[in-house]
Amino acid sequence: MGIYAGRAEVPKLYKHMMAYEETAARPQDPQIHQREPQMQRLGKDKATFSQEGLRSAKEMREYLDENGLNFNKDGMASFEELDKQLRTRYLDCSNYFLSEMQEVMAEERKAWGSEADGHSFDNSMSLMAKSYQVVHDRIVDEFSREGRETTYVIDEVTGLRREETVDDRLAELDLAYDRHTTFLAASKKAMAEIKKAFWGVKLPEHPQEIEKKAKEACMQAVSEENLGRLRQQASSFRDYKPQLTLGAYWEQILASTW
């Protein structure tokens, strides 16, 4: 089962159920017809019913149909309800997006080779922003596709099931990116504290400020302006470098703690 645009594809339960017409149209095994007379003789019903019993059974069937207890209809409705449940997001699925963004990063590294190697500040910002942009556009493309299969979410306010929108899916992507970059910024703070405490490095700024600026850089990297640039064809991986407003001073500090 693959993940694409943060969604694991779930097959519909009842779309492969064969209708009576399809079953009747299928070619029959000739041996089955040869056995039918014998089967009919062995399985012939010996019971008989009175007119009163037949009338009672007819009335019961009519009663069940009129009161919505038709088992064929109710059975199909149950399948449809279960199918909706399987296509409903009850829990946060941000791990889907984290996995998908990591896959995109791996694809970018493979495509650009040595240009995208390493874990420098510039490459990390470019890879994260590019992976976000690719998954973001996949989501938008999926929801704009004609004939898209409807998916559902549980509304946080009402607690009821409703159709999923593109904004719902993008909000989950933003949550995944926020969690990933929060962890990343915290790791830069920890690295700065280690350098100060164990290596005796004199830091130009407090570790908490470094964490704050690292998080700010991550969020600026996926601004609308940067996403627009990332969608353009690039001749070099350096063209993907996000344009930040942190200034050269802070970019140098972050690069030294990356």
Under 3.5 Å donor-acceptor, Ser256 side chain and Ile253 backbone: yes
Residue that, paired with Tyr152, satisfies side chain to side chain contact (heavy atoms under 4.5 Å, CB included) out of Arg162, Glu164, Glu163: Glu163
Side-chain donor-acceptor contact under 3.5 Å, Thr245 with Gln220: yes
Polar side-chain atom of Thr165 near backbone of Asp168 as donor-acceptor pair, under 3.5 Å: yes
Within-4.5 Å side-chain heavy-atom neighbours: Trp258 and Leu184: yes
Test item: Arg238 side-chain N/O and Glu115 main-chain N/O as donor-acceptor pair under 3.5 Å: no
Check: Ser126 side chain, Asn123 main-chain N or O, donor-acceptor pair, under 3.5 Å: no
Check ion pair Arg138-Glu100 (N to O, under 4.0 angstrom): yes
Flag if over 12 foreign heavy atoms under 6.0 Å of NZ, Lys195: yes
CE (Met105) with more than 12 external heavy atoms under 6.0 Å: yes
NZ on Lys188 to CD on Glu211, rounded to 0.5 Å: 12.0 Å
Distance-only polar pair, side chains of Glu205 and Tyr249, donor-acceptor under 3.5 Å: yes
Ionic contact status for Arg145 with Glu142, cut-off 4.0 Å: no
